[in-house]
Amino acid sequence: MKLASSPVNRISLGVQSFDDKLLKKIGRTHTEAQVYRAIERLSAAGFENITIDLIYGLPNQTMEMVERDVKKFLDLNLPHVALYSLILEDHTIFMNRQRRGHLRLPSDERNADMYEYIVDTLTSNGYSHYEVSNFGKIGYESKHNLTYWDNAEYYGIGAGAS
């Protein structure tokens with residue numbers, strides 16, 4: 001059975017950023033070009049409900065970089081995006097670098113500016129801001145996210161499922 005003909009109704013890609021230099025700095029092995037190829041292949045396979053995850057507040061990330069990432073997302077005309085602020089967790093490379101003073105993150109004020117820009121830009125381009133980090137065109141809101149926040153039961157399948 002092909003995935004496109006299965007009950008799977010959404011494909012999510014962890015893009016994080018479209019900036020190749022930034023991706024390399026945060027330890028990601030994919031490139032912007034690979035993201036575009038993956039989306040093209042998914043579309044060609046019949047998937048219409050494609051979402052990507054982006055992160056803002058990354059080390060050395062500027063407002064201009066966030067603006068470019070949001071523009072590139074909008075240019076793709078995908079129905080959904082999740083934009084997460086970087087959160088440092090204990091026992092991670094980023095937290096260890098931060099504790100040693102080797103991680104230059106945007107200030108809290110700059111992070112707030114980034115979030116405000118994201119919300120304003122996406123909502124003015126027809127995306128519903130239905131959750132803190134999630135934006136979708138009408139009818140493309142994540143059923144899982146809405147179910148999760150309603151504390152309803154759901155099934156998790158896959159390596160990262162819980």
Side-chain angles (χ1 to χ4, degrees), residues 10-36 38-39 49-152 154 156 158-162:
R10 172 177 295 207
I11 299 292
S12 178
L13 300 174
V15 174
Q16 316 326 345
S17 176
F18 289 98
D19 186 302
D20 285 343
K21 289 180 185 175
L22 185 57
L23 287 169
K24 190 171 186 171
K25 285 181 184 177
I26 64 171
R28 299 295 175 158
T29 58
H30 69 275
T31 64
E32 177 182 5
Q34 288 172 318
V35 169
Y36 289 120
I39 292 169
N49 193 354
I50 301 169
T51 181
I52 65 171
D53 294 350
L54 295 171
I55 300 178
Y56 64 96
L58 291 166
N60 300 308
Q61 191 177 37
T62 65
M63 180 62 92
E64 292 75 22
M65 294 164 87
V66 170
E67 291 170 358
R68 279 194 303 270
D69 278 349
V70 170
K71 181 183 182 327
K72 288 180 180 193
F73 164 74
L74 289 170
D75 289 346
L76 286 167
N77 196 30
L78 296 176
H80 190 274
V81 64
L83 283 121
Y84 300 105
S85 175
L86 177 67
I87 298 172
L88 299 181
E89 300 284 349
D90 281 334
H91 311 295
T92 62
I93 292 171
F94 283 164
M95 180 59 88
N96 292 337
R97 287 183 187 165
Q98 176 75 2
R99 287 183 176 143
R100 287 188 227 120
H102 298 285
L103 192 66
R104 194 171 140 239
L105 297 174
S107 68
D108 289 344
E109 294 79 17
R110 178 50 44 136
N111 221 40
D113 291 343
M114 290 174 175
Y115 182 72
E116 186 176 314
Y117 170 80
I118 290 165
V119 171
D120 291 347
T121 303
L122 291 177
T123 56
S124 68
N125 278 277
Y127 288 85
S128 169
H129 184 203
Y130 70 96
E131 200 180 63
V132 173
S133 301
N134 285 272
F135 302 81
K137 292 181 180 179
I138 300 301
Y140 286 92
E141 296 87 355
S142 170
K143 291 175 184 158
H144 164 78
N145 291 359
L146 295 172
T147 299
Y148 178 84
W149 289 113
D150 283 341
N151 204 24
Y154 62 92
S162 60

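Note that these values count all heavy atoms, side chains included, but never hydrogens, waters or copies made by symmetry.
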> Where do Leu122 and His129 land on the side chain to side chain contact (heavy atoms under 4.5 Å, CB included) test, with the steps shown first?
Replying inline: CA-CA 8 Å; Leu122 291 177; His129 184 203; over 6 Å; no
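Classification of Asp90 and Arg99 as a salt-bridged pair holds, one side-chain N sitting under 4.0 Å from a carboxylate O. A salt bridge links Asp75 with Lys71; the closest basic N to acidic carboxylate O contact falls under 4.0 Å.
Minimum interatomic distance between Leu22 and Asp19 (heavy atoms only, all atoms of both residues): N-OD1, 2.9 Å. Nearest heavy atoms, Pro106 versus Gly57: CD-O, 3.5 Å. Between Ser12 and Asp53 the shortest heavy-atom distance is OG-OD1, 3.9 Å. Gln61 and Met65 get closest at one heavy-atom pair: CA-SD, 3.7 Å. Nearest heavy-atom pair, Arg10 versus Thr51, reported as atom, atom and distance to 0.1 Å: CD-CG2, 3.7 Å.
Rounding to the nearest 0.5 angstrom, the gap separating the CD1 atom in Ile39 from the CG atom in Leu76 is 4.5 Å. In this structure, CZ on Arg68 lies 10.0 Å from CD on Glu32, to the nearest 0.5 angstrom. Note that CD of Gln16 and CG of Leu58 are 8.0 Å apart. Values are rounded to the nearest 0.5 Å. We find the CG-NZ distance between Asp20 and Lys25 to be 12.5 Å, quoted to the nearest 0.5 Å. Expressed to the nearest 0.5 Å, how far CG of Leu103 lies from CD1 of Ile26 amounts to 11.0 Å. Asn111 contributes atom CG, which lies 8.5 Å from atom CG of Leu105 (distance to the nearest 0.5 angstrom).
Considering only heavy atoms from C-beta on, Tyr117 stays 4.5 Å or farther from Asp113 through its side chain. Residues Leu83 and Tyr115 fail the side-chain proximity criterion, which asks for heavy atoms closer than 4.5 Å. Within the 4.5 Å cutoff, the side chain of Leu23 has no heavy atoms near those of the Thr31 side chain.
Although no hydrogens or angles enter the test, the distance criterion places no donor-acceptor pair under 3.5 Å between the side chain of Thr121 and the main chain of Ile118. The backbone N or O of Gly139 sits less than 3.5 Å from a side-chain atom of Glu141, completing a donor-acceptor pair.
The aromatic rings of Tyr130 and His80 lie tilted to each other, with the angle between the two planes from 30° to 60°.
Other residues, nucleotides and ligands contribute more than 12 heavy atoms inside 6.0 Å of the CD atom of Glu64.
For Ser17 and Asp69, the side-chain atoms include at least one donor-acceptor pair closer than 3.5 Å.
Checked against a 6.0 Å centroid threshold, the rings of Phe73 and Tyr127 count as neighbours.
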